[in-house]
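All values derive from a computational prediction rather than experimental measurement. Naming: A, B, ... by sequence-line order, numbering from 1 per chain.
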2 protein chains.
Amino acid sequence: MKADELRGHLDALILAVVKDAPLHGYGISEALHAQSGGAIELPTGTLYPALRRLERLGYLRSSWSTVSGRKRRTYELTRAGRGQLAAQRQAWSEFSGVVGGILGTGA
Amino acid sequence: MKADELRGHLDALILAVVKDAPLHGYGISEALHAQSGGAIELPTGTLYPALRRLERLGYLRSSWSTVSGRKRRTYELTRAGRGQLAAQRQAWSEFSGVVGGILGTGA
DNA sequence: TCACAATATGTAGCTAAACAACGTATCAGA
DNA sequence: TCTGATACGTTGTTTAGCTACATATTGTGA
């Protein structure tokens, strides 16, 4: 899967993956890889700027910790982030319906 | 629907909409508007460059005509365009499955 | 008749997101 | 000791879509 297709939807995926449990950047990358069945492999040049953007927008909150000698910045959803995730889910539903309908896939 | 979400998928939509019948730019715009239930409204600054790009890539072929005093450039799918459309459909199917799965929408 | 909407094409310049290619550092195991 | 996994990040580039603008014809309603 061309990762660039994600454009505009990556935020939703990140929010979704940290929803249940706070995760650090590398963990988010791994979670997306696993949950996509290996289809998603985020370059760090994509992931870390996205995380900073989401924090700047108030959807994520981060805190540093050290786990077995390695520093981690752990991200968790804010209240606004939960709202945004719900909105993104809704937007995805509409979007996929529209595109699927026109492409004749899934409609 | 935020039109920018289309990024990366617009080509597929255009190819899909000219598949059955050749259309001119304005007609493509209207077809997408109608087939999306009004959700898609393409700015001309998006549509026309996209058409030129698709022609340059060999997926579309264009020809001029005049209909009731107005000049039209009509686009039709090439053989390569048909192949590309099939590939895009496949890619969409995989993409929507992955995203839907992670967002918990449609999976 | 005069203005406005619809039809129809296009370009120039901007923005933002994703990417490739770096750079830094720790730890485990061969 | 050296490689691979873990973990953070930045710089500079590319590119697609957007806004705003420019042009022209035809149909319509005031």
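At a non-hydrogen distance threshold of 4.0 Å, B:P43, B:T44, B:G45, B:T46, B:R53 from residues 40-56 of chain B come into contact with DNA chain D.
Side-chain atoms of A:E76 never come within 3.5 Å of backbone atoms of A:S62 as a donor-acceptor pair (strictly under, hydrogens ignored).
Taking atom CD on B:Q88 and atom P on D:dA16, their separation rounds to 12 Å, with Å as the unit. Between the P atom of C:dC14 and the CZ atom of B:R7 lies a distance of 17 Å, rounded to the nearest Å. At whole-Å resolution of the value, CD in A:E30 and P in D:dG4 are 17 Å apart. To the nearest angstrom, P of D:dA16 lies 14 Å from CG of B:L6. When the C1' atom of C:dA18 is taken as reference, atom CD1 of A:I14 falls 11 Å away, rounded to whole Å. Between B:H33 atom NE2 and C:dA8 atom P the separation is 15 Å, expressed in whole Å. Rounded to whole angstrom, the span from the NE2 atom of B:H24 across to the P atom of D:dT25 amounts to 17 Å. In this entry the distance linking CG of B:L23 with P of C:dA8 reads 11 Å, nearest Å.
Taking the side chain of A:R70 as heavy atoms from C-beta on, and the options D:dG9, C:dT9, D:dT6, the nearest nucleotide is D:dT6. Closest to the side chain of A:L10, from the set D:dA7, C:dT9, C:dA18, is C:dA18. For A:Y26, counting side-chain heavy atoms from C-beta on, the closest listed nucleotide (C:dT9, D:dG17, D:dC8) is D:dC8.
Atom CG of A:L51 is separated from atom CD1 of A:I28 by 4.5 Å, given to the nearest 0.5 angstrom. Atoms NE2 and OG, on A:H9 and A:S96 in that order, are 9.5 Å from each other to the nearest 0.5 Å. A distance of 11.5 Å separates CD1 of B:I40 from OG1 of B:T46, quoted to the nearest 0.5 Å.
The shortest distance between side-chain heavy atoms of B:T78 and B:R61 falls below 4.5 Å. Between A:H24 and A:Y75, every side-chain heavy-atom pair lies at or beyond the 4.5 Å cut-off.
Between A:R72 and the phosphate of D:dA7, there is a side-chain N or O to OP1/OP2 separation shorter than 4.0 Å.
Taking both residues in full, the closest heavy atoms of A:L47 and A:S29 are given as CD2-CB, 3.9 Å, listed atom of the first, atom of the second, then distance.
Among the protein residues, B:G27 comes within range of no part of the nucleic acid, since none of its heavy atoms lies under 4.0 Å from any strand.
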